[in-house]
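In what follows, a single structure is set out as structure tokens and then discussed.
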Amino acid sequence: MLRNTRLSYGWIAIVFHWTIAVLIIGQWGLGWTMEHLVGPRLAFGLIQWHKSFGLLILALALLRLSWRLINPRPRLPEGMSLFEKLAAGSVHRGLYWLMILLPLSGWALVSASVLEIPTYTFYLFVMPDLPLERSDAAEAFWTTAHIVIGWFLLVIVAIHVLAALRHHFLLRDSVLKQMVRPASQSLTEQ
Ligand code: HEM
Ligand code: HEM
């Protein structure tokens, strides 16, 4: 079952979800390590990997959003209040926005830098910069945006994970299970 149904996510949405989740968490750790934990020589190589994985996340997030827009959304469990449903929808929309804006702000900050260091994407090709004004002030602006959006994403992901764990362990409904495998399989085994 590749596509979503009204009952559950399909394999494509599930694989997108977990691949991007792992990449974003790794990317956050890499960003933090290269900025705060290692010296400048090692940081240069790490930044190239950070830029490469960041652009990969951007491409996957755009594909995932397109897939989301042409698929039905699985129903939320009966018994959830209107507030909970609205909160879930807002958090998901926020996650989509942030997983696109965060890599874009990173790409903007390297594009605005007067150093003009090329982005060797996975050491396969040079990714062109965005057409932005280059100046120290513009670079500082986009760097601050990148850091602030990064923290925002971390907080929203934390809320999202706590909500998923609440559904699974306290409410004991199928919300987390339906993001692990399509419902038809889990239902037949219950
Ligand atoms: C989802 C994707 C991304 C995440 C989660 C992420 C996360 C981070 C984090 C946590 C830092 C360290 C911030 C600090 O505390 O100083 C950072 C720095 C940085 N990121 Fe990203 N990033 C992403 C995408 C990108 C992309 C696509 C690029 C460029 C193409 C990029 C370029 C940079 C650069 C150059 C820095 C160093 C900024 C400085 O000089 O302070 N990032 N990123
Ligand atoms: C960086 C990490 C993560 C990001 C960016 C993220 C993003 C998202 C997004 C955008 C959706 C909505 C999917 C859609 O309707 O198209 C979603 C759904 C979901 N996520 Fe995550 N997620 C992350 C990590 C996690 C983790 C660690 C868990 C489990 C503990 C989790 C559990 C779920 C569940 C259960 C759903 C389905 C919710 C529903 O049907 O209403 N996510 N996630």
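Residue indices begin at 1 and follow the sequence shown. Ligands are counted one by one from 1 in listed order, and the atoms in each one are counted from 1 as well. Keep in mind that this is a model prediction, so the values were computed, not measured.
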- prompt: For atom 13 (C) of ligand 1, which protein heavy atom lies nearest, and how many Å away is it?
  reply: I147 CG1, 3.8 Å
message: For atom 3 (C) of ligand 2, what's the nearest protein heavy-atom neighbour? Residue, atom name and distance, please.
response: A21 CB, 3.8 Å
- prompt: atom 7 (C) of ligand 2: which protein heavy atom is closest, and how many Å away?
  reply: L95 CD1, 3.5 Å
query: Of the choices K177, R75, H160, which has the non-hydrogen atom that lies closest to atom 17 (C) of ligand 2?
result: H160
field: atom 36 (C) of ligand 1: nearest protein contact (heavy atom, Å)
entry: M34 CE, 3.5 Å
- prompt: Which residue supplies the protein heavy atom nearest to atom 30 (C) of ligand 2, what is that atom called, and how far is it?
  reply: V161 CG1, 3.9 Å
statement: Within 4.0 Å of some non-hydrogen atom of W32, the atoms of ligand 1 are 15 (O)
- prompt: Quick check: does H17 have an N/O/S atom under 2.8 Å of atom 21 (Fe) of ligand 2?
  reply: yes
statement: Here the pair of heavy atoms bringing R6 nearest to P72 is CD-CB, 4.0 Å
task: Kindly compute the distance separating CH2 (W151) from CH2 (W28), expressed to the nearest 0.5 Å.
output: 4.0 Å
- prompt: Can you tell me the protein heavy atom closest to atom 41 (O) of ligand 1 and the distance?
  reply: E35 OE1, 3.0 Å
field: atom 1 (C) of ligand 2: nearest protein contact (heavy atom, Å)
entry: V157 CG2, 3.7 Å
message: Against ligand 2, does R64 come closer than 4.0 Å with any heavy atom?
response: yes
task: May I ask you to identify the nearest protein heavy atom to atom 37 (C) of ligand 2, giving residue, atom name and distance to one decimal place in Å?
output: Y9 CE1, 3.8 Å
- prompt: Counting from 1, what ligand 1 atoms have a heavy atom of W28 closer than 4.0 Å?
  reply: 5 (C), 10 (C)
query: Under 2.8 Å from atom 21 (Fe) of ligand 1, which protein atoms of type N, O or S occur, listed by chain and number?
result: H50 NE2, H146 NE2
field: Closest protein heavy atom (residue, atom, distance) for atom 15 (O) of ligand 1
entry: H36 NE2, 2.9 Å
- request: Enumerate the atoms of ligand 1 whose separation from the nearest heavy atom of W107 is less than 4.0 angstrom.
  value: 28 (C), 29 (C), 30 (C)
message: Just to check, does T143 reach to within less than 4.0 Å of ligand 1 when the distance is taken from its heavy atoms?
response: yes
message: With heavy-atom distances below 4.0 Å as the criterion, list the atoms of ligand 1 near L55.
response: 27 (C)
statement: Among non-hydrogen protein atoms, atom 14 (C) of ligand 2 lies closest to R68 NE, 3.4 Å
message: Among all the protein's non-hydrogen atoms, which is closest to atom 28 (C) of ligand 2, and how far away is it?
response: W18 CH2, 3.5 Å
message: I'd like to know if I20 contacts ligand 2, where contact means a heavy-atom distance under 4.0 Å to any ligand atom.
response: no
query: With backbone taken as N, CA, C and O and side chain as the heavy atoms from C-beta onward, which portion of L176 lies under 4.0 Å from ligand 2: side chain, backbone, both, or neither?
result: both
task: Using non-hydrogen atoms of the residue, decide whether Q178 is closer than 4.0 angstrom to ligand 2.
output: yes
